[in-house]
Protein chains: 2
Amino acid sequence: MEFRQISYFVAVAETGSISAASRQVHVAQPALTRQIRLLEEDLGTRLLERHARGVRLTIAGKALYDDAVQLLDSRTRIRTRLSSLGQGLIGKVSLGVTVTHLWVPAVAELLRRYRDRYPHVAFEVFPLLSGPQLERLREDSLDAGILYLDSAEQPGLETRLLQQDHLMLAVPETSHWSAAPPHRLAELTDTDFVWGVRSISPVYYDRVMAHFARLNFAPRVVQYGADNITILSMVAAGLGVAIVPSASRAHLMPGIRFMDLPELQTCDMPLWLAWRSSNDSPALHNLVGLTDAVFG
Amino acid sequence: MEFRQISYFVAVAETGSISAASRQVHVAQPALTRQIRLLEEDLGTRLLERHARGVRLTIAGKALYDDAVQLLDSRTRIRTRLSSLGQGLIGKVSLGVTVTHLWVPAVAELLRRYRDRYPHVAFEVFPLLSGPQLERLREDSLDAGILYLDSAEQPGLETRLLQQDHLMLAVPETSHWSAAPPHRLAELTDTDFVWGVRSISPVYYDRVMAHFARLNFAPRVVQYGADNITILSMVAAGLGVAIVPSASRAHLMPGIRFMDLPELQTCDMPLWLAWRSSNDSPALHNLVGLTDAVFG
DNA sequence: GGCTGGTATGCTGATTGGCTATAGGTAAAA
DNA sequence: TTTTACCTATAGCCAATCAGCATACCAGCC
């Protein structure tokens, strides 16, 4: 039983004649006669009653017809599904984004445009910090991530620079710094700082610490926060000032003033899109393409 | 996309290696390599990542695998269904039986044995008189019938003689004939008869009438009944005597005595099994075979 | 560097599938 | 009844396809 024979048989069944079917499928009549006979021999059953004016289906032929149509349908369905999958029009793609950057307009734009353009792709966005993203990329439970990396060269990963973040200062509106912004970090020696925990995002943390070491400045930390939102909440509550990525500006939290300091702006914090080099998902590559369009 | 390629692909997917699959399907490795490549070209998608230690499925390959397995399952399912159908193990068969003969032990035995032997065939038994059976056989809404025919030769039908019925007399137990059975029909000249209506079973009716014409006997009919049961009920009620097929003996109705008369026993009433010659249903032919066994 | 276990490729022979021509059969038309 | 038209079946031939063999090539491993 081969697909060729099945489609011939369906044509014969639908036209009620081998000759008519042969014209329909653009194959000579003897070829069809033979293929039908081969099918019958293969199945061990007569499928047609041959008459002078055409053929009629036997009981077995009728039974086969329905199944045959279904088989052919299955085949075209598989074809179109694979084709859609190949173009990344269906399937699934998962993306990790640091919570901080979910609020950045360009990122939001990316998510929105992807959903608009590929509405049938199951698009899952996971709010994850850089460390967990990297882990899940490596273990293949995440297709792509928007995250901080210590280097563009990541074994087994491909990367693309999205934007260059810097650091900035976040102070409570109630603080005297709010009215009279500092110009140098040194002015903040006696100021209380809210600080991050290293474990949750070592790449970011180490980068900031390295920069501060170069500046020879050691903040007086009075409080630690688990993530950026927590830290900013504490700043808003007046617990102290904080050093945050410039992307945080998108948060628009009440009670906070963001300020740029030249010494902080020189700390480059590149934001990357990363994915496994061996990931052949077209849906993912569409996402990469769209990222180029949005950030390029 | 042909079944050969699909089954090769499934083997490759399951073994994770073209070479291993080639051993499994008993085909040389280059042939498999080529067929897989043809399949990929046909579908316009890469299905395998080739590595030194074997192959891995791509996204498209994984997607195809599930469908491919289903396709192969469908194929074997179709095969077994057609085979069962060919042996008459599944499908449907409809049989008409005259109400009178439903009670005949051999017929009941036939029905029971068919159900036992072919439990998965939808076996429908229709209580119908001979005329309607013949009609429905001709219009193909009945597979077989157990009925009276005016001749064994029926155009378009095949027949088989089941048994030779005769006629007999049915008298009420309350009748004086019950105590002193008649020996000749002539004795019944002044007796009331319950008679059948021609239209419902012309073959039977005409045969009886022809026999009576030969005997030169005209019964005094006081009442007509629509079918055999009705007629017998009237006899039981004492309305008169009746001439009935000998098969009616199986009915065992209270208040009735059946009696044989030589003149009635000479009226042959052959009971036939009949089916359309063009009916190729194996389930039907199994029924015919079983009929031979039961009645043969 | 050689070995091992895998995939890819070129060549050849066998199988298969399709085409043409034609035979044979049956139902409708003449 | 004969003829015609239309259908299926068969035979023979040719082209395309497929499988097998030998071998190249490639990557990891000792």
Any chance you could lay out the salt bridge (Lys or Arg N to Asp or Glu O under 4.0 Å) test for B/Arg276 and B/Asp143, step after step, and finish with the verdict? CA-CA 7 Å; B/Arg276 278 176 39 129; B/Asp143 287 311; over 6 Å; no
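- A heavy atom closer than 4.0 Å to some atom of DNA chain D occurs in B/Arg4, B/Tyr8, these being the qualifying members of residues 4-19 of chain B.
- The closest donor-acceptor contact from the side chain of B/Thr58 to the backbone of B/Leu47 lies under 3.5 Å.
- Of the residues in residues 28-47 of chain A, those with a non-hydrogen atom less than 4.0 angstrom from any atom of DNA chain C are A/Ala28, A/Pro30, A/Ala31, A/Arg34, A/Gln35, A/Leu38.
- Residues that satisfy the side chain to side chain donor-acceptor pair (under 3.5 Å) test with A/Arg136, not counting sequence neighbours, are A/Ser141.
- Qualifying salt bridge (Lys or Arg N to Asp or Glu O under 4.0 Å) partners for B/Arg113, counting only residues two or more places apart in sequence or in other chains: B/Glu109.
- Taking atom NE2 of A/His51 as the reference point, atom C1' of C/dT26 lies 11 Å away to the nearest angstrom.
- Under a 4.0 Å N-O distance rule, the pair A/Arg81/B/Asp67 qualifies as a salt bridge.
- A centroid separation of less than 6.0 Å is found between the aromatic rings of B/Phe123 and B/Tyr114.
- Residues A/Glu2 and A/Ala52 each lie close to DNA chain C; by heavy-atom proximity, the contact nearer the 5' end of the strand is made by A/Glu2.
- Between B/Arg50 and B/Glu40, at least one side-chain N (NZ, or NE/NH1/NH2) sits under 4.0 Å from a carboxylate O, which counts as a salt bridge.
- Here C/dA27 presents its P atom at 9 Å from CZ of A/Arg53, a figure rounded to the nearest Å.
- You can see that DNA chain D meets the heavy atoms of chain B within a 4.0 Å-exclusive cut from D/dC18 to D/dA27, reading 5' to 3'.
- As rounded to whole Å, 13 Å separates atom P of C/dA27 from atom CZ of A/Arg56.
- A donor-acceptor pair under 3.5 Å links the side-chain atoms of B/Thr45 to the main chain of B/Leu43, judged by distance alone.
- Within the structure, every pair that satisfies the side chain to side chain donor-acceptor pair (under 3.5 Å) test and touches residues 23-33 of chain A, not counting sequence neighbours, is listed here: A/Gln29-A/Thr33.
- The backbone N or O of B/Gly156 lies less than 3.5 Å from a partner atom in the side chain of B/Ser277, making a donor-acceptor pair.
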